[in-house]
Amino acid sequence: MAAQRVAKLPPLAIGASDMSPRAMKGYEGLTGPSYQLVSTGSKYNLPSPGVLQPYVDTRSGALDAWPAHAAGQTTSSTALIPHGSPSVKSYSRKPLVKEEDTGKGVPKPKFLDQLENFLKKELRALGCPDSGPSELRLQAHREVFEYLIEDFKTYKPLLSSIKNEYETMLAHLRQQIRDLEPLKSMLVTVSEQCDQKILKIRETEKQEMVDLRRENTGLYRKIMGMSEQQQNLQAQVNKLREELSEQYLRYRDECDARKLLVSDINDLRYQAEDLQKAASAGSVGDPQDDPVMMRVALKRAREDLKRMSEDLIRMKADYGDVVPRRDFEQLEAKHNALLETEGVLRDQFSKLQQEHDTLLEVHKQVLQQRDEFYTQAETLRRSATPRPEWDRCGEVVDGGAERWAELTKESTSDQKMDILLQELQALKDAASDKDIPEFFEGRGFKPDVPAYLRYEGQVRNRKLAKRDLAIVIKDVWREKAAHDAGKAKPTKLENYLLMYLEKRFGLEPLVAEWGYNIHDACTRFHQSEPRISQFFSILKGEVDEGIYHQQIDLLSRLLSHLAQKDVSLGTQGMLPKEEFSAGLGEFFPLKESESIQALVQAAEDELDTQGGPIPFKQLFTEDDEGRTGPFINRIRDQTKVDRDAYVDDMQATLGDVSDVVVEDVRKAFLAIDPEIDQPEIDMFLGRAFGVDKDKLEKAKPSHPSKVLQRLRTGAVYRVGKKP
């Protein structure tokens, strides 16, 4: 800014005619009189009177007040008190020199005029705007202020300090502005990013908002319908109240009339008795006395009538709006019934909403299964070979071609062969089942009878086929999985089967009929079908239900592991044989190589790949009866063999003892499986002693054979490698 300066303030001329006489005499300091303020008590010295300019320096006040009072300068309101004066309050405030004695007003000081001229030249030279903030204007005023500070020697330190404070504050504010500039741009960028995110979120949730609005509209309509129904019921209640009020008024009128009639009858009876007594005593007067008695009786009757009328009017006013208690209780009962109905409807609505969500999940699963089936169909279409004429089987199957077409709808050749064998077996069984009774006898309601078999009377024997039983078992497992979802402890299969039959059939005879037929079919087919045998054993409580869920969870995790490996390799569902074998080895680290090779061979035999890529997803499918292929069956067999071997090691560790306690079995688990965790040990111990894992301290000693038998029929497995 110093380079842009175009003018410089010239020095004041010494010896001018209007210069203060102070410049011509030597200034000797504050050697003049002193003064003292009453309020503070401080003493201050003044300059010598000889160095003061007449009519200028001797005027009261320290600074020139020009140009605010340029027309005529007056003294300030506070004059100085010479030392030794009585007090400040007694000092008179009067001008030292009158304006008429000084001629015209005091002229503008030359130094002030020079400062103003210099400021104007600077502003014109720099081209500063007339108004508004400007750095150039600030610099010009800063230089003028510096000249002013240099002239006032006495106030220079204070004015310099004030100027420095302003400069420091300006520099601080400029630095803050420079620091905030990047934040401003960053704030704009973040604001734009947030706006974009909000737009994306709105687009994403737009469909959900539409669905919620539609659902809200439906609920609003339902609420309006219920409100109209409530209004109708309220109108009925009001009408019944009006009718009740009318009936009550009639009742009160009849009651009052009856009371008046009874009162009249009593009065007549009393009069008759009085007459009879008077006649018997001979005191009956002349017939001329009868009108007097009649007038007295009439007067009394009128008084009674007036009193009764007043009572009647008061009763009507007091009890006109009263409802009989019997009617009030009836209306209250109806109201409570309506409230209960509303609660039931709300519960039904919540259940329907949950079922709707479940159906959406099922729909997603069905779509996924459809894609898998499409992949299977494409694979089969590429590797298809001529098939037998399966329609000819309808000639020998019971029901003809129509039933055969219904049974084999959307079935593979292997499944059609199984269906044909089952139908032939059913024909054979039907030929040998001629002696089977047509009805079952109910077992009654004893506590030892299973819940689904508690019934008295005869039950029709449907003679269920193996296929029908397998379909029912598959449906029971699916419905039970949905029922137990989210529960800490699953429902016992025996109890749930009764719930399933009641939900599906409703009537007690049909529930009992299907319960007995399922039990009978399981008894007939459990030896020839592993799936039916497992279901029947769990149903009777001989096997832990956790084995079934353990198998389902194992297969699900294995499919997920192979799918992740397929995604990482990019093989699109066709894993090479080596990668498939490696994936099985990674998932089953405790299995030996012979077991892994047996699983690979079972997969190749099932899919007929012969060393080529393996479409592993087809190995995890099942038909409508719940039957799986050789690969899944081999995994289940190996799991059972591993569990038996694990329990055999436990038997060898326990030894030949009479009874064992919880700590003995715990030590045995740690001995044969050192890597097992505490939660698994507690779960296995609960199964071994038949108690909940949280109540192991209450478990009683048991014989080793019972403990081992419970472990063989429970969901136990080896966690780590053998020691």
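For the numbers below, each heavy atom of this structure counts, side chains included, while hydrogens, waters and symmetry mates do not.
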Could you tell me whether [X] and [Y] have a side-chain N and a carboxylate O separated by less than 4.0 Å?
{"X": "K351", "Y": "D347", "answer": "no"}
{"X": "K695", "Y": "D682", "answer": "no"}
{"X": "R718", "Y": "D649", "answer": "yes"}
{"X": "E438", "Y": "K463", "answer": "yes"}
{"X": "D637", "Y": "K640", "answer": "no"}

Scan side-chain atoms only and decide if [X] and [Y] contain a donor-acceptor pair under the 3.5 Å cut-off.
{"X": "D211", "Y": "Q207", "result": "yes"}
{"X": "D605", "Y": "Q601", "result": "yes"}
{"X": "R687", "Y": "T713", "result": "yes"}
{"X": "Y500", "Y": "H483", "result": "no"}

Looking at side-chain heavy atoms only, is the closest gap between F580 and K565 below 4.5 Å? no
CD of Q230 to CD1 of I223, rounded to nearest 0.5 Å, is 11.5 Å
Against the six-membered ring of F620, is K617 placed for a cation-pi contact (under 6.0 Å from the centre, within 45° of the normal)? no
